[in-house]
Amino acid sequence: MKKNVGKIIFTIIVTTCIFLNFSKSRAMDIKEQDKTYDIGICTDKGMVNPENEDTCGVFSIGQDIICVVCDGVGGSAAGSTASRTAFFAVKEYLENNGIGSGLLEINHDLAASFTFADKKVRETAASDSLLNGMATTCLVAVIRNDTLYYSHAGDCRLYAGSSSKLELMTEDDSYINMLLADGEITKREAKRHPLRRAIINAIGSKSNELYVNSCENGTPIQDDTYFLMCSDGLYEELSERRIRKIIKHNINKDSNSISQELVLSANKAGGNDNISVILIRRMKDVIPSSSK
């Protein structure tokens, strides 16, 4: 399916993953003038949970490309409802209001979209007792003029990578990070702490007022580098070293295939949670998708 949006051409390929639960995987090749973005998406419920509570996707606003990962909490229907509600609320707000120019305006508009999503999730939860207590983490990245900007709430992560390194760009809004910052536990203790996955900031949370983490500057997108957005189901199963090794080993494949390989590896390692991956690359030539 091809759809012209200004100077951007989207090619969206919907396929079925090789996983037993038949999650959907989407590849998106994006051309902007003489540059190409190869963006792969894969999301999976994992090996334990009965339902996928993650929601992720990519859309455009003018010449901007927006990538979103949401990880719902609240259990099954509530978690998936929270993540879907937040995703479409962010999309609705940005499509209706646009994204301003310059770092300050971008951060302001992304924060406003989170606030709008927070309101929508709370209203939805209040309308149905079965959804009481639902919330969702959220990570949004904006690609503009070969520069990436982002905002987040919760523990979905954004990494910047190359052939030699994988650098974490976000900081988890988690109870463990708070303990580490206070010096109450060591990094080694954090890996096995019973509350290592507890979050302290989320859209729709009843226990805290939402705050949005914004980037301090835009990050240039260069050829042969990549950005990885993911929910905690990936990095809880795979170390950063293992993630980088998988990407490096598959670097000549399209981003959709690499995203699938990351999710498959996380499932093989245990798959104790839902797993979502968005891999972003700017390439000189479109890589033929193996999913076609």
Side-chain angles (χ1 to χ4, degrees), residues 39 54-74 79 81-126 134-160 167-175 177-178 181 199-221 227-232 276 278 280:
I39 301 179
D54 290 359
T55 301
C56 59
V58 180
F59 57 94
S60 70
I61 298 176
Q63 292 190 344
D64 294 339
I65 302 166
I66 319 298
C67 305
V68 183
V69 177
C70 296
D71 181 358
V73 296
T81 299
S83 67
R84 287 196 305 270
T85 301
F87 175 88
F88 286 108
V90 167
K91 185 173 185 289
E92 177 186 347
Y93 182 89
L94 295 179
E95 287 178 339
N96 289 339
N97 297 278
I99 305 175
S101 60
L103 177 63
L104 292 178
E105 289 189 22
I106 292 173
N107 284 341
H108 174 272
D109 292 334
L110 288 182
S113 74
F114 277 57
T115 300
F116 181 72
D118 186 62
K119 179 182 178 182
K120 289 288 188 180
V121 170
R122 292 177 187 276
E123 288 176 349
T124 303
M134 74 176 187
T136 182
T137 66
C138 186
L139 168 63
V140 179
V142 176
I143 300 171
R144 173 183 290 178
N145 298 328
D146 290 334
T147 303
L148 185 141
Y149 306 87
Y150 65 89
S151 292
H152 77 98
D155 60 357
C156 287
R157 289 183 177 180
L158 173 66
Y159 293 91
E167 179 182 1
L168 180 61
M169 299 178 66
T170 54
E171 183 175 344
D172 298 343
D173 293 325
S174 65
Y175 181 65
N177 263 0
M178 185 174 64
I199 57 175
I200 58 174
N201 182 36
I203 289 175
S205 174
K206 296 178 67 175
S207 61
N208 69 275
E209 183 177 347
L210 174 71
Y211 62 93
V212 181
N213 303 282
S214 301
C215 61
E216 296 181 356
N217 49 61
T219 303
I221 303 173
F227 293 91
L228 172 67
M229 301 171 65
C230 63
S231 61
D232 62 343
S276 290
I278 298 181
I280 303 165

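Since the model is a prediction, treat every value here as computed from it, not as a measurement.
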CD-CG distance between Glu92 and Asn97, expressed to the nearest 0.5 angstrom:
9.0 Å
Min side-chain heavy-atom separation Ile199-Asp232 under 4.5 Å
no
Asp71: which residues meet the side chain to side chain donor-acceptor pair (under 3.5 Å) condition with it, sequence neighbours left out?
none
Atom of Asp109, atom of Tyr93 and distance for their closest heavy-atom approach:
O-CE2, 3.8 Å
If you measure from CD on Glu95 to OG on Ser60, what distance do you get to the nearest 0.5 Å?
8.0 Å
Of all heavy-atom pairs between Asp54 and Ser231, which one has the smallest distance, and what is that distance?
OD2-OG, 2.9 Å
Is there a side-chain contact (heavy atoms from CB on, under 4.5 Å) between Phe88 and Lys120 once you walk through the steps?
CA-CA 10 Å; Phe88 286 108; Lys120 289 288 188 180; over 6 Å; no
Parallel under 30°, tilted from 30 to 60°, perpendicular over 60°: which one fits the rings of Phe87 and Phe59?
perpendicular
Test side-chain contact (heavy atoms from CB on, under 4.5 Å) on Ser151 and Asn107 and set out the steps.
CA-CA 7 Å; Ser151 292; Asn107 284 341; 4.3 Å; yes
Taking all heavy atoms of Val58 and all of Cys67, pick out the closest pair and write down the distance.
CG2-SG, 4.0 Å
If every non-hydrogen atom of Leu103 is compared with every non-hydrogen atom of Asn217, which pair is closest and at what distance?
CD2-CA, 3.8 Å
Looking only at non-hydrogen atoms, find the nearest pair between Ala153 and Asn201 and report the distance.
CB-ND2, 3.5 Å
Please name the pair of heavy atoms, one in Thr170 and one in Arg157, separated by the smallest distance, quoted to 0.1 Å.
OG1-CA, 3.4 Å
Out of curiosity, Lys91 NZ to Phe116 CZ, how far, rounded to the nearest 0.5 Å?
12.5 Å
Here the gap from Ile280 atom CD1 to Ile65 atom CD1, rounded to the nearest 0.5 Å, amounts to 8.5 Å
Test Asn213 against Glu171 for side-chain contact (heavy atoms from CB on, under 4.5 Å), laying out the working first.
CA-CA 9 Å; Asn213 303 282; Glu171 183 175 344; over 6 Å; no
For the pair Tyr211 and Asp173, evaluate side-chain contact (heavy atoms from CB on, under 4.5 Å) and give the outcome as yes or no after the intermediate values.
CA-CA 10 Å; Tyr211 62 93; Asp173 293 325; 3.4 Å; yes
Does some side-chain heavy atom of Thr81 sit less than 4.5 Å from a side-chain heavy atom of Met134?
yes
Holding to side chain to side chain donor-acceptor pair (under 3.5 Å), I want the full list of residues that pass it with Lys206, two or more places apart in sequence or in another chain.
Asn132
Could you point out which residue of Ser113, Cys138, Ser83 forms a side-chain contact (heavy atoms from CB on, under 4.5 Å) with Val68?
Cys138
d(Arg144 CZ, Ile99 CD1) to nearest 0.5 Å is 6.0 Å
Quick one: CE on Met169 to OG1 on Thr219, what's the gap to the nearest 0.5 Å?
3.5 Å
Is there side-chain contact between Val212 and Leu110, with heavy atoms separated by less than 4.5 Å?
no
